[in-house]
Every structure is written in C-alpha cells, then in structure tokens.
2 protein chains.
Amino acid sequence: MIRTQNNTTEQCIMEAAEALFLDKGYARTSTIEIARVVGCNQTLVHYYFRSKENLFKQVFENKIKSFCFSLLEISEEDLPFKEKLEKRIGNHFDMLKVNSKLPILLFNEVHTNQDLARKIFADVGHLPLSIIAHLQLELDVEYENGCICKTDAAALLFSIFSLNVMTFIGSPLLRLFAENSKEKMDAILEQRRAENIRLIMNSLNP
Amino acid sequence: MIRTQNNTTEQCIMEAAEALFLDKGYARTSTIEIARVVGCNQTLVHYYFRSKENLFKQVFENKIKSFCFSLLEISEEDLPFKEKLEKRIGNHFDMLKVNSKLPILLFNEVHTNQDLARKIFADVGHLPLSIIAHLQLELDVEYENGCICKTDAAALLFSIFSLNVMTFIGSPLLRLFAENSKEKMDAILEQRRAENIRLIMNSLNP
DNA sequence: TTGCGTATTAATAGACCTATTAAATAGTAT
DNA sequence: ATACTATTTAATAGGTCTATTAATACGCAA
C-alpha cells in the first residue's frame, strides 16, 4: 500500500474520495477508483465506510454545513452595518474560493439525486430563519435611518449567494477570458469579488 | 410498443431522453430506462442514435446554443439603451424559466465530464466576442453621455447571467420559502426576476 | 511464542450498463 | 405474392460497479 501522507488509511481514503467526488461528481466516482488513488484494495473503502453513500456523507458533512451557513453567520465585530455587510460578502466569496468545486457538486446532487440529498441535508437541518429575521431587523433599522432602501433580508441573501456562487459554477466561462493563464484567472476572480460587493452595496442605495 | 404521442419512435426517444437527462443527469440516465419510458426495446435507442453520447448531443444541441447565446442576441428594437437592457435581462430570465433544469445539467457536465463537454461545445463554437465588443460600444456611449457609470461589458453580462441562472440552479433553496405551493413559488420567481433587473440597472447608476 | 484484534487482500456474487449481432416482423413497391 | 427496406426484438458479449465473504498478514499484549 502506498500512502501519499503519513496519515491513516482511513484519512487517505477520505482525502482521495473528496478530491474525486469534487472532480467527477458522485455518480462518476467509483470506490474502485478511490482505492486506486490511495493505493489500497477496494474492499478497504467499504471496510471503513460501509458504503459509497456513507463515505460521501462523512467526507462532506462539515463542508456542507459551512457552505450552507457561511453567509448567515453573524459577525462578532461591532462595525457599522454597511461595513459589516461588505465584509460578510467578501468572506463568503473567499470561503467559496477555497471550496470552488463544492457548489456544483452539491447543487447537482440536490437536483439529480433527491434521495442522497435528503439524507445529506437531514443532518444540516432547516434554514435558521431566526438569523434571517435578525438581519431583517438590522435592515429595517438602516431603512428607518434613511441609510438604505427598503430591503427584504432573504432576497438580499439570495442575491449575494447567487453572485458569489455563480462565479465558481460559471468558472469555465470566466476561463475563456483568462486564456489559460493562472494569473489572469486570479485577476478575474478578484474583479468578480469586488464587483459582487459593489453590486450588492449599490442595490441598497435609498 | 406504447407511444405517448403520435410521434415517430425516434421523436419519442428524444423526448424521453430529454426529460430523463434533465431530471437525473447524464451519468444516472441509462438507455434502458429511456427505452422503458418510451415503451420500446433498448436496442432502438442505439438503432436511431448509435450511442448514448450521440443521443445527448442531438437532444441538447439546439438548447445549448440558445442557452449560450440568449444573453448575447442583439435586440432588433430601437429603444433607449436602458430599456433595451431591461428587456434583455427579462427575456433571458424567461428563457431560463422554460428551461429551468438545463443550467445545472450543462454546468455539471462541463465540470465533471470534460470529454463530453468538449464534444458538445465544439459545435457551439467560441464566444462571439464581436457581440460583447458591440455592447461595450453602446456602454461607452452611454457613459460619455453621463447616463451610466463606466462599465465593462463582459463583467456586466456575467453579472446578469449569474443572477438569472442562479435563480434556477438555486431553486431548491427558494422552494424552502415556497412551502410546496406552486403559486408561492411562482410569486418568488417573479420577485427574483424583478430583483435581478433592479440590481443590474442600479449597478449602472453613475 | 501464542493468541487476539485490527488491517488488508483475493475472490466473487449479483446488478446493471452500453453496444452489437442476428433474427423476426411490418411496410411498401413491383 | 415477392422482394426489398425499415423497424423492432431477443440474446448476449463484455464491461463496470457495489458490496460481501472468507482467508491472510500484522501488531502487540500476555
């Protein structure tokens, strides 16, 4: 058995599985291939994780949580509302940048594999409506003070989510403009980050 | 053989294939299942289309073209720039609404099945940069006239694309708010349509 | 060393999938 | 009817996949 790290076999399997699932999706990734990457027998994948589905759930459980809630987390800092929001949008973008292949994977499973999706998101639980309500309160205060226009919290969050997530789901399109240069691609992503923030902040103007 | 329409078998296969591909993705759809839906022998799928890949390409060839270029088509009407743009965003949204499952299917294939993606998009050809350049000219004129802020055409198109497409890729999220009511879901989509237009038009303000 | 639990392997059952082949049937023109 | 073509079917080769089973190697405590 050849291991890439000095990790346990179990960890190696999870790492290989994560990379392959992100690259090729759930359906196109086989336990045999995961084992091949790790350099172990395919039986071990089932020995440690019992089933492919279970492996998937264990690998992405935490990532899914942070993916779902990263936009909703309340920042601790006591900054003016608009600065806090700008930071929040940027943080969300940055989180996506280090998990750039996660959105398409998750949304594809949700759309095409309802069964798996239900099992996965059962653990994640329901949307924390209280947090959205909290943001709504903040927005209402800003509105009363004439700082922003009347704004629906859920709609605002979905707009932020759309712009940020689509940057990475649509990355093949952006790559057409990057001409295979990693530097150009990074520059384009930076532009998108700034543009997404600008678009949202602009939309709040009274 | 049971046919749902008085179409030819070939058409029935294409229709069933389209529905199944959109529902379950390429990898999870089998030619056997397509045949089962049509009510014919699985061999017929290969008789008419030679391979699953070929069937996929034939089924989606036209839809892919319109998906790629719908945002780029130049409207014939001679309206003021801003009205033309508003219409364009709305038209793009409406096109997506009647093909709501197409975006996740296509982006998933592009991300997870480079091979198929290359074959598909070879036919679609390259981005018509000339059209983007044409939009840039219009934007520059508007800017000179002080009607809008300095705006990059490609960035603007990507923002519109992001907001509109993500409405449908992210529809499972929106559904959480619709509480299984078709009417509520339609209302939410209408809100998103208006909100996407508002966001983009707002972003152009000088 | 023996014994025992853990880790690993080979072998394989049982499904399902794509694609091909050869044969049967339906349809149509002569 | 006959012959020819188009359509449809059954059978199956050949592949891959998930998961299980039984056997082997390893590590370590007694």
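Throughout, a chain's letter reflects where its sequence line sits, starting with A, and its residues are numbered from 1. In this text, all values refer to a predicted model and were calculated from it rather than measured experimentally. Heavy atoms only: backbone and side chains are in, while hydrogens, waters and symmetry mates are out.
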**Student:** Hey, is the main chain of B:T29 close enough, under 3.5 Å, to the side chain of B:K52 for a donor-acceptor pair?
**Tutor:**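 Indeed, once roles are kept as given, a pair shorter than 3.5 Å links the two residues.
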**Student:** Checking the side chain of A:E61 only, and the main-chain atoms of A:Q58 only, is there a donor and an acceptor separated by less than 3.5 Å?
**Tutor:**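 Such a contact is absent between A:E61 side chain and A:Q58 backbone.
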**Student:** Check the distance between C:dA15's C1' and B:E33's CD and give it to me in whole angstrom.
**Tutor:**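 So the two atoms are 15 Å apart, to the nearest Å.
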**Student:** Near DNA chain C, which residues from residues 109-119 of chain A have a heavy atom under 4.0 Å away?
**Tutor:**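 Residues of residues 109-119 of chain A that come under 4.0 Å of DNA chain C do not exist, since none gets that close.
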**Student:** List every contact pair, protein side and nucleotides 20-25 of chain C side both N or O, where the distance is under 3.5 Å.
**Tutor:**
none

**Student:** Starting at CG of A:N41 and ending at P of D:dA23, how long is that distance when rounded to a whole Å?
**Tutor:**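 It works out to 17 Å between those atoms.
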**Student:** Just how far, in rounded Å, is P of C:dA7 from CD1 of A:I13?
**Tutor:**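 Rounding to the nearest Å, CD1 of A:I13 and P of C:dA7 are 11 Å apart.
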**Student:** Please name all residues satisfying side-chain contact (heavy atoms from CB on, under 4.5 Å) with B:A194, sequence neighbours left out, ordered by chain then number.
**Tutor:**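 side-chain contact (heavy atoms from CB on, under 4.5 Å) check on B:A194 returns nothing, list empty.
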**Student:** Over how many whole Å does the gap from A:Q11 atom CD to C:dA7 atom C1' extend?
**Tutor:**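 That distance rounds to 15 Å.
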**Student:** Examine distances only and state if a side-chain atom of B:Q136 and a backbone atom of B:I131 form a donor-acceptor pair shorter than 3.5 Å.
**Tutor:**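 Answer holds: no.
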**Student:** In whole angstroms, how far is the C1' atom of D:dT18 from the CZ atom of A:F49?
**Tutor:**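 So the CZ-C1' distance, A:F49 to D:dT18, works out to 16 Å.
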**Student:** For the residue pair A:F67 and A:F107, categorise the inter-ring angle as parallel (less than 30°), tilted (30 to 60°) or perpendicular (more than 60°).
**Tutor:**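 Rings of A:F67 and A:F107: perpendicular, as their planes differ by over 60°.
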**Student:** In terms of side-chain heavy atoms, does B:R192 have a donor or acceptor partner in A:S162 at a distance below 3.5 Å?
**Tutor:**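 B:R192 vs A:S162: no donor-acceptor pair found between side chains.
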**Student:** Any non-hydrogen side-chain atom of A:L44 less than 4.5 Å from a side-chain atom of A:I13?
**Tutor:**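 Counting from C-beta outward, A:L44 and A:I13 do come under 4.5 Å.
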**Student:** Taking ring-ring contact (aromatic ring centres under 6.0 Å, His included) as the cut-off, I'd like each qualifying pair that reaches into residues 15-37 of chain A, sequence neighbours left out, listed once.
**Tutor:**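 For residues 15-37 of chain A: A:F21-A:Y26, A:F21-A:F56, A:Y26-A:F56.
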**Student:** A:F56 CZ to D:dT18 P: how many Å, rounded?
**Tutor:**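 After rounding, the gap between these two atoms is 14 Å.
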**Student:** Would you check if there is a donor-acceptor pair between the side chains of A:N202 and B:N202 at a distance under 3.5 Å?
**Tutor:**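 Side chains of B:N202 and A:N202: no pair found under 3.5 Å.
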**Student:** Could you name each residue pair satisfying ring-ring contact (aromatic ring centres under 6.0 Å, His included) that touches residues 72-91 of chain B, not counting sequence neighbours?
**Tutor:**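 Passing the test, one end in residues 72-91 of chain B: no pairs.
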**Student:** Give a yes or no on whether the backbone of B:L71 and the side-chain of B:R88 come within a donor-acceptor separation of less than 3.5 Å.
**Tutor:**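 Confirmed, B:R88 side chain pairs with B:L71 backbone.
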**Student:** Please give, in whole Å, the distance from D:dA11 C1' to B:I32 CD1?
**Tutor:**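 Result: 13 Å.
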**Student:** Near DNA chain C, which residues from residues 19-31 of chain B have a heavy atom under 4.0 Å away?
**Tutor:**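 Those residues whose heavy atoms fall under 4.0 Å from DNA chain C, taken from residues 19-31 of chain B in numerical order, are B:T29, B:S30, B:T31.
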**Student:** What is the separation between atom CD on B:E10 and atom P on D:dT8, rounded to the nearest whole Å?
**Tutor:**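 It works out to 10 Å between those atoms.
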**Student:** Describe the nucleic acid contact of B:Y48 in one word from base, sugar-phosphate, nothing, applying a heavy-atom distance below 4.0 Å.
**Tutor:**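 Touches sugar-phosphate only.
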